[in-house]
Amino acid sequence: MVSLQLQDLGAAYGGNQVLSGISTPPLTGGQLVALLGPNAAGKSTLFRRIFGLLPGSGTVHIDGTDSPNPIAYMPQDNGSRPVLSVYEAILLARMQGRRLKVLPEDHAEVERVLDVLDIGHLRSRNAGDLSGGQRQMIGAAQALVQNPRVLLMDEPTSALDLSRQIDMLTLLQRLAKEQELLIIVALHDIGYALRFADAAMVIDKGRMIACGPTAEVVTAEMVREVFEVEARIEPCSKGSPQLIVERRAAQPSDLRPGGML
Amino acid sequence: MSSKADIGEQAQAGRDFYRALVIRRQLILVALATALAFSLCVDLALGPARYGLGQVVEALLWPSQVDEQLRVILWEIRMPVALMALVVGASLSVAGMQMQTILNNPLASPFTLGISAGAGFGAALALAFGVVIFPFAVDYVVPVNAFLMAMLTSMAIYGLSLRRGVTSETIVLLGIALVFIFNALMSLIQFFASQQAVAAVVFWTMGSLTKATWPKLWISLSVLVIALPLLARRGWALTAMRLGDAKAESMGVRLRSLRLEVLLIVSLLASISVSFVGTIGFIGLVGPHIARMLLGEDQRFLLPGTALSGALILSIGSICSKMIIPGTVIPIGIVTAIVGIPFFLYLILNRRVATW
């Protein structure tokens, strides 16, 4: 089973240190891990550093796979609008680094992913003409079609409607279990992290705040300190933990004239 | 999720959809190639002495069996010019398409990035003052000067693109700035030059295929023949670049090295072309857009389609340049702009699919 461990990861843009000292215990396949943090905490940067797009200090250890490209990355950006059918746009992600000829197994893989994400009906549509949510689904398909063992997804639900958000996270949870993938998902909705994620990583200002089982990491104290929100975590009628937001925690700036309080 | 039988059916549906797409594109390429062959024959048939298409085809297929005069006119006088139109059209069109791809900008072309203007300045130095940048090729002073200035311009753009934080928009802006600088320098040269020299500079900047010779054709063709497979090899990565930098990077495309590699190849393509035939601004911008409308973004089809559409546009331009005023060959740069731009506007305004 695949295992990912980060050791003292750091990264800098120009002279600014944007990530430092990011370490985790070994994160094994079969888990959905939520990456949480406020805006500009460094979530996207951490993904880019793990994927190898940003140089920096520290090491990314991957064990338990002999795949030459074990990690796939779905960026937050849905990309520009080229003249490509959805089918071609997904195939394109699979064909990078391969010969120009498309083989039957490549078609089979594209169709498998279209089926898994239930977007087969979009096959012949022009990818540039799709809505933001549909393009996000295509982005997920482009990551999955690379057959990764570790999947990094930067806010994959941000443009989806409520039912699609739940569908997507349920699907990722199931894929992680069935295919023993390690899926790390950057999320802004802490409630979703509580409901769907097996583990959570919290970063703030480029530093790791906590990493471990979701119930241990996502606490009212963490939410107050990192997100500056007073909240309670209580079981819902079906027993799942849920986040109940009470109010924004008071900040020194709020007490000044014109502040929020 | 579907059952295995459903998945089998869907996979078949996917293959069928893709096969239909590929066949349609292959047919478009065949149609373009056929139109190009026809255009070449018409181009060869036209001139002070007009021949029928049958005579041209006969002279092409069985040169030893036709009249000596026809053979000489077709093979030794008109053929290098007609083929130069194809090679230069293909080269400028491919150069423009790849510049648009790597800079993700629909306005990028050898003309808008200042490469043509640089070549014009180099040629003007030679034509007006006899300034020779490279003294070992006296017979080719004008094209060599033009080539060296075009490559210098490309290297300036290349050098800038190496700097950290430089975006594709910055590169296009630099190109436009270079166009203005070179145009100002050209005006300065014309201000100080003799009347004959000014006329020569102006004629050069209009672009003309009549300067074509077999050696120039072979040089241009060699560069094109080397460049096309090098670019085709990067087909998947270049197609991915049109999805945007973040998407392409997430698919494992090494943007920086790919941009530099392609910029070097297309700079060479564009520089060689403009140095031999002068400024032809229209092809590098429009050829790619027409190909993109017909074939989409998949570079396995877009690359040959762009080469064919560029070659076809310049070949048709060559025909028009001989037909507008019988007995006079109007410079090709003027013809392609006058005839081609209304056609391009028609395509842009009536297109069903947005290409950018």
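Reminder, nothing fancy here: chain letters follow the sequence lines and each chain counts from 1. Worth saying up front: this structure is predicted, and the values here are computed from it rather than measured.
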Contacting region of [X] [heavy-atom separation from chain A under 4.5 Å]:
X: B/R254; value: side chain
X: B/V253; value: side chain
X: B/L21; value: side chain

Output the option from [options] having the highest count of non-hydrogen pairs under 4.5 Å with chain B.
options: A/G52, A/P75, A/P104, A/A72; value: A/P75
options: A/R98, A/M95, A/Q76; value: A/M95
options: A/V102, A/V110, A/N69, A/D118; value: A/V102

- Item | Sequence neighbours excluded - salt bridge (Lys or Arg N to Asp or Glu O under 4.0 Å) pairs with any residue from residues 140-161 of chain A |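 Those involving residues 140-161 of chain A do not exist here.
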
Non-hydrogen atoms of chain B under 4.5 Å away: do they reach the side chain of [X], the backbone, both or neither?
X: A/L91; answer: side chain
X: A/L53; answer: side chain
X: A/E109; answer: neither
X: A/R99; answer: backbone
X: A/D77; answer: both

For residues [X] and [Y], determine if any side-chain heavy atom of one lies less than 4.5 Å from a side-chain heavy atom of the other.
X: A/F196; Y: A/L187; value: no
X: A/V2; Y: A/D63; value: no
X: A/N147; Y: A/R112; value: yes

Side-chain ion pair, [X] and [Y], N-O less than 4.0 Å:
X: A/E88; Y: B/R25; value: yes
X: B/D16; Y: B/R19; value: yes
X: B/R256; Y: B/E249; value: no
X: A/K177; Y: A/D198; value: yes

- Task: Report the relative orientation of the aromatic rings in A/Y73 and A/F51; use parallel for angles under 30°, tilted for 30 to 60°, perpendicular for over 60°.
- Result: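 Rings of A/Y73 and A/F51: tilted, 30 to 60°.
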
- Query: Using a cut-off of under 4.5 Å for heavy-atom pairs, which of B/R233, B/K247, B/Q299, B/R234 has the most such pairs with chain A?
  - Reply: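 With the most close heavy-atom pairs to chain A, the winner is B/K247.
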
- Task: Just give me the residue among B/A237, B/S250, B/G235 that pairs up with chain A most often, heavy atom to heavy atom, under 4.5 Å.
- Result: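 Between B/A237, B/S250, B/G235, the count favours B/S250.
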
